[in-house]
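This structure is in structure tokens; I'll ask about it shortly.
What you see below is based on every heavy atom in this structure, not just the backbone, and it leaves out hydrogens, waters and symmetry mates. The structure presented is a predicted model; accordingly, all values stated were derived computationally and were not measured. Position 1 is the first residue of the sequence, and the numbers go up from there.
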Amino acid sequence: QTTAERREAILSTANVYLDGTAFNAYAFNIGDNNYIKLRDIAAAMDISVDYDAATGTIIIDTSAGYKA
């Protein structure tokens with residue numbers, strides 16, 4: 001059995017780049033790791049991200065464009 005450890009999420013100052021160009025994304029530093037919202041990455045890459053609540057599945061479709 002494991003015990004969840006409480007960690008603070010701090011807004012990260014890390015720059016995020018796609019093909020050498022910076023893009024806006026909210027990044028959070030938790031336990032010395034940076035976490036970026038998948039939707040921010042999908043928007044920058046113009047790929048589709050969806051969620052199927054019935055199966056608890058994240059769907060990433062690189063053949064479809066991003067929709068907010």
Side-chain angles (χ1 to χ4, degrees):
Q1 182 177 6
T2 61
T3 303
E5 183 179 326
R6 184 177 176 91
R7 295 184 182 210
E8 185 177 4
I10 302 167
L11 191 59
S12 177
T13 58
N15 296 318
V16 181
Y17 294 88
L18 175 63
D19 294 329
T21 302
F23 70 92
N24 292 332
Y26 285 104
F28 295 91
N29 187 287
I30 304 171
D32 293 325
N33 293 294
N34 287 314
Y35 294 87
I36 303 167
K37 292 167 83 176
L38 179 57
R39 289 201 177 273
D40 289 345
I41 294 171
M45 297 179 71
D46 193 27
I47 59 175
S48 174
V49 174
D50 203 358
Y51 179 71
D52 182 338
T55 62
T57 304
I58 297 170
I59 303 159
I60 301 171
D61 184 355
T62 59
S63 67
Y66 179 78
K67 294 179 185 171

Ser63: partners by side-chain hydrogen bond (donor to acceptor under 3.5 Å, both in side chains), with sequence neighbours left out: Asp61
Atom CG of Asn24: over 12 foreign heavy atoms under 6.0 Å: no
Cluster link Phe28 to Phe23, ILVMFWY, side chain under 4.5 Å: no
Beyond-backbone contact of Asn34 with Val16, side-chain heavy atoms, under 4.5 angstrom: no
Cluster overlap Tyr35 with Ile58, hydrophobic side-chain contacts below 4.5 Å: no
Residue pairs passing the salt bridge (Lys or Arg N to Asp or Glu O under 4.0 Å) test where at least one lies in residues 6-16, sequence neighbours excluded: Glu5-Arg7
Minimal non-hydrogen separation, Lys67 against Arg39, with atom names: O-NH1, 4.4 Å
Asp19 atom CG, neighbour heavy-atom count above 12 within 6.0 Å: no
All side-chain hydrogen bond (donor to acceptor under 3.5 Å, both in side chains) counterparts of Asp40, not counting sequence neighbours: none
Asp46 side chain vs Gly65 backbone, donor-acceptor pair below 3.5 Å: no
Tyr51 with Ile36, same ILVMFWY side-chain cluster at under 4.5 Å: yes
In one Ile/Leu/Val/Met/Phe/Trp/Tyr side-chain cluster, 4.5 Å: Ile60, Met45: yes
Path from Ile41 to Val49 over hydrophobic side-chain contacts below 4.5 Å: yes
